Amino acid sequence: MTATAELMDFADVVERFDPVLGLEVHVELSTATKMFCGCANAFGAEPNTQVCPTCLGLPGSLPVVNGTAVESAIRIGLALNCEIAQWCRFARKNYFYPDMPKNFQTSQYDEPIAVNGHLDVVLEDGAVFRVGIERAHMEEDTGKSLHVGGATGRIRGAEHSLLDYNRAGVPLIEIVTKPIVGAGERAPEVARAYVTALRDLLRALRVSDVRMDQGSLRCDANVSLMPTGSTEFGTRTETKNVNSLRSVERAVRYEMCRQAAVLAAGEKIVQETRHFDEATGSTSPGRRKETAEDYRYFPEPDLVPIAPSREWVEQLRTTLPELPWERRKRAQEQWGLSDAELRDLVNAGALELVAETVEAGAAPGEARSWWVSYLAQQANTRGVELADLPITPEQVARVVTLVAEGTLTNKLARQVVDGVLDGEGGPDEVVEKRGLKVVSDDSALLAAVDEALAANPDVAEKIRGGKVAAAGAIVGAVMKATKGQADAKRVRELILERCAQ
Ligand SMILES: Nc1ncnc2c1ncn2[C@@H]1O[C@H](COP(=O)(O)OP(=O)(O)OP(=O)(O)O)[C@@H](O)[C@H]1O
Ligand SMILES: [Mg+2]
Ligand SMILES: [Mg+2]
């Protein structure tokens with residue numbers, strides 16, 4: 001039997017079952033250094049160049065907590081309306097995997113830094129759904145395995161594996177929801193909206209670059225079903241590392257349909273981790289899930305407990321920026337958006353980006369138009385989330401300024417943006433490298449105008465005879481000759497001046 005034959009129709013699923021969701025989001029903090037050592041925390045360096053005895057877990061090395069990471073954890077907890085623990089400590093989570101050189105992950109277990117909060121998420125029709133936050137805890141990332149020679153990039157079938165420990169020890173915050181009940185048929189949408197809202201929040205806090213495509217924001221989706229009307233949770237599966245917002249929604253929907261088919265056939269759900277396949281939109285079994293006992297958690301003996309003073313917590317509260325929901329309200333007022341326009345912006349994941357672009361100096365209308373049209377299109381063709389496009393709000397603002405100053409036409413501006421997206425550098429660099437400036441220097445333009453007039457003597461004659469409309473053809477010729485870089489308005493003026501002489 002194929003996997004698809006084992007799915008129940010979604011409409012039937014929601015009639016017969018109530019889904020329960022649990023979302024675990026891991027976010028890599030963008031601190032300068034790692035969680036427990038002084039190694040650089042930067043994405044994309046040569047493999048195994050950002051390592052030391054501590055993050056490699058060599059005997060005799062001792063960890064020291066990164067204070068900035070603790071600060072970020074507290075700020076995240078506060079923004080999620082959590083209680084900040086008076087006292088908390090780290091725990092060792094023991095398991096073996098080649099990308100984890102210490103053979104345990106330094107994490108937090110029953111004494112996390114932040115507990116019991118909530119995040120309100122806005123659904124597509126504007127309804128607000130409150131998601132409970134169980135806890136946010138501090139931990140460290142593992143290294144990365146690269147499985148070579150297999151068809152899937154996964155360990156099964158690979159010829160060999162390569163290990164890169166640069167990521168080992170990078171500060172992570174794991175944010176875990178309380179079981180999400182009552183979402184019903186909107187469960188897939190709620191899952192997506194929650195991750196979107198959380199990403200926007202983390203972005204506003206400036207604690208992480210929240211790039212799902214680069215793994216600095218990762219989501220594991222727990223799903224279970226219970227018969228409609230029941231209150232006893234079913235067995236959950238946990239789909240790992242779903243790396244786009246769309247995939248979160250698809251993975252939850254798929255698991256609902258798969259589990260329903262299993263349950264309807266009178267079989268049991270196995271508690272296991274599953275893997276989401278972007279290409280097929282399906283999940284497949286990973287490893288059987290360890291239980292907490294398997295991890296043999298125990299308090300980390302090499303690190304002192306953390307007891308954030310109330311003064312410190314309150315001081316950090318004052319550093320919270322305008323949060324997305326406050327920003328939404330203000331943006332709507334200041335930018336004069338209708339409810340529908342605001343919703344589109346939020347649903348496109350563009351609100352934060354537009355707000356930051358405006359902060360960087362662009363007019364709201366321009367900022368909004370870039371993100372929801374041209375850049376949204378680019379994200380779509382590249383198959384990435386808008387926020388994951390390799391262009392920053394500051395760079396977009398710079399392009400807007402260049403257009404406003406008359407250095408670029410809209411058409412040239414799009415070419416500049418393309419250059420930035422293709423990794424050619426910032427806007428000014430691309431303008432320079434691709435030679436994209438608008439030519440408004442009269443002497444350069446005049447030469448092109450004279451050439452075009454000479455090449456089209458009959459048109460020139462008409463203009464001289466008073467048929468001003470004929471100038472359009474010459475403007476066209478000049479634009480063509482200058483590859484669209486001429487200031488069309490000025491060209492027209494020059495043509496008329498020339499023909500009046
Ligand atoms: N029956 C259930 N169905 C769906 N979700 C559940 C169910 N029970 C618990 N959850 C949710 O699943 C998530 C479990 O995450 P948690 O980090 O607590 O444990 P874990 O997945 O066992 O551990 P690990 O961090 O090692 O993956 C939480 O969001 C929780 O609310
Ligand atoms: Mg977890
Ligand atoms: Mg988990």
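Every number for a ligand or one of its atoms is a count from 1 in the order of the listing. Just so you know, residue 1 is the first one in the sequence shown, and it goes up from there. Owing to the predicted nature of the structure, the values given are computational and were not obtained by experimental measurement.
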Would you kindly say whether S107 and E139 are connected by a side-chain donor-acceptor distance under 3.5 Å?
yes

Run the numbers for me: atoms of ligand 1, each under 4.0 Å from some heavy atom of E174, listed by number.
17 (O), 25 (O)

Under 4.0 Å from one or more heavy atoms of P179, ligand 1 contributes atoms 31 (O)

Do W370 and T357 get their side chains close enough for a donor-acceptor pair, meaning under 3.5 Å?
no

E238 OE1 to E24 OE1 via the Mg ion (ligand 3), rounded to 10°, gives 160°

Counting from 1, what ligand 1 atoms have a heavy atom of T177 closer than 4.0 Å?
28 (C), 29 (O), 30 (C), 31 (O)

How about S208 and E28: does a side-chain donor come under 3.5 Å of a side-chain acceptor?
no

I want to know if ligand 1 touches K93 in the polar sense, i.e. an N/O pair below 3.5 angstrom.
yes

May I ask you to list the atoms of ligand 1 that are less than 4.0 angstrom from any heavy atom of L23?
29 (O)

Between D164 and N48, is there a donor-acceptor pair closer than 3.5 Å when you use the side chain of the first and the backbone of the second?
yes

N or O contact, V176 vs ligand 1, cut-off under 3.5 Å
no

Taking atom types as modelled, is there a side-chain donor on N116 or E134 under 3.5 Å from an acceptor on the other?
no

Report yes or no: does S61 contribute a side-chain atom to a donor-acceptor pair with the main-chain N or O of G57 at less than 3.5 Å?
no

Measure across C88 and Q108 and return the closest heavy-atom pair with its distance rounded to 0.1 Å.
SG-NE2, 3.4 Å

Judged by atom type as modelled, is there a donor-acceptor pair below 3.5 Å linking the side chain of T273 to the main-chain atoms of E238?
no

At a 4.0 Å threshold, what atoms of ligand 1 neighbour a non-hydrogen atom of Y295?
26 (O)

Consider every N or O of F233 and every N or O of ligand 1, then say whether any pair is closer than 3.5 Å.
no

For ligand 1, which atoms, with element, lie under 4.0 Å from some heavy atom of L21?
5 (N)

Is the distance from the ring center of F104 to that of Y95 below 6.0 Å?
no

The test is side chain to side chain contact (heavy atoms under 4.5 Å, CB included); show your working for F10 and R253 and say whether it passes.
CA-CA 8 Å; F10 190 72; R253 176 183 276 265; 3.5 Å; yes

Can you tell me which portion of R135 lies within the under-4.0 Å heavy-atom range of ligand 1? Options are side chain, backbone, both, or neither.
side chain

Atom indices of ligand 1 within 4.0 angstrom of K178 heavy atoms, with elements
31 (O)

Nearest non-hydrogen contact to atom 19 (O) of ligand 1 from the set R236, K240, E238, E134 belongs to R236

Under 4.0 Å to a heavy atom of G234 - the qualifying atoms of ligand 1, by number:
1 (N)

Would you name the N/O/S atom of E174 that lies closest to the Mg ion (ligand 2)?
OE2

